[in-house]
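The block underneath contains the structure these notes are about, expressed in structure tokens.
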Amino acid sequence: MRHDLVKKLVLVSAIATLAALALMGASIVWPGPLLLVAAMSVGQGLGTLSLALYLLAIVLDLQGSGAAFDRVAEARDELATDHKP
């Protein structure tokens, strides 16, 4: 469940990043006052949103994998105590 959420967050983050880059690129190619203002405000908002979503995806992914590492460590400790004479 969490893995699917992480994938969706990264996808939305990538789409938002590409939209922000397209806006900023368009403002360089066709420099007009409204396009520049839109690129600077909307583009910055999309870029900030994409960064926040990507960081959230990283945190969720690390939380999910942390439990797996704990289970492996517990299993290793149990095996180590079972084999002691």
Side-chain angles (χ1 to χ4, degrees):
M1 171 78 179
R2 187 171 281 184
H3 184 67
D4 293 334
L5 178 63
V6 168
K7 286 174 108 175
K8 288 178 185 176
L9 284 173
V10 171
L11 177 66
V12 172
S13 173
I15 291 170
T17 301
L18 290 174
L21 283 172
L23 249 163
M24 292 184 189
S27 72
I28 292 172
V29 174
W30 301 289
L34 291 177
L35 191 56
L36 286 171
V37 170
M40 295 305 287
S41 58
V42 176
Q44 182 180 0
L46 284 173
T48 304
L49 175 70
S50 68
L51 176 65
L53 290 176
Y54 189 69
L55 291 176
L56 178 63
I58 290 172
V59 168
L60 289 175
D61 194 39
L62 287 175
Q63 284 180 348
S65 64
F69 288 130
D70 290 342
R71 286 193 297 267
V72 169
E74 288 175 6
R76 183 192 65 220
D77 292 341
E78 287 177 11
L79 285 174
T81 57
D82 289 343
H83 292 295
K84 286 186 179 178

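This one's a predicted model, so the numbers in the text were calculated from it and none came from an experiment.
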Rounded to the nearest 0.5 Å, how far apart are [atom1] of [X] and [atom2] of [Y]?
| X | Y | atom1 | atom2 | answer |
| --- | --- | --- | --- | --- |
| Leu9 | Asp4 | CG | CG | 11.0 Å |
| Leu46 | Leu51 | CG | CG | 12.5 Å |
| Leu53 | Leu11 | CG | CG | 10.5 Å |
| Leu35 | Ile28 | CG | CD1 | 10.0 Å |

Is there a path from [X] to [Y] through hydrophobic residues (I, L, V, M, F, W, Y) whose side chains come within less than 4.5 Å of each other?
| X | Y | answer |
| --- | --- | --- |
| Tyr54 | Met24 | no |
| Ile15 | Leu21 | no |
| Val37 | Val29 | no |

[X] and [Y]: which non-hydrogen atoms are nearest, and at how many Å?
| X | Y | value |
| --- | --- | --- |
| Leu23 | Gly43 | CD1-N, 4.2 Å |
| Ala57 | Val10 | CB-CG2, 3.8 Å |
| Ala16 | Ser50 | CB-CB, 3.8 Å |

Measuring only between side-chain heavy atoms, which start at C-beta, is Gln44 closer than 4.5 Å to Thr48?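 They are in contact (side-chain heavy atoms under 4.5 Å apart), so the answer is yes.
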Side chain proximity check, Gln63 to Leu60, heavy atoms < 4.5 angstrom: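 With C-beta onward as the side chain, the pair touches.
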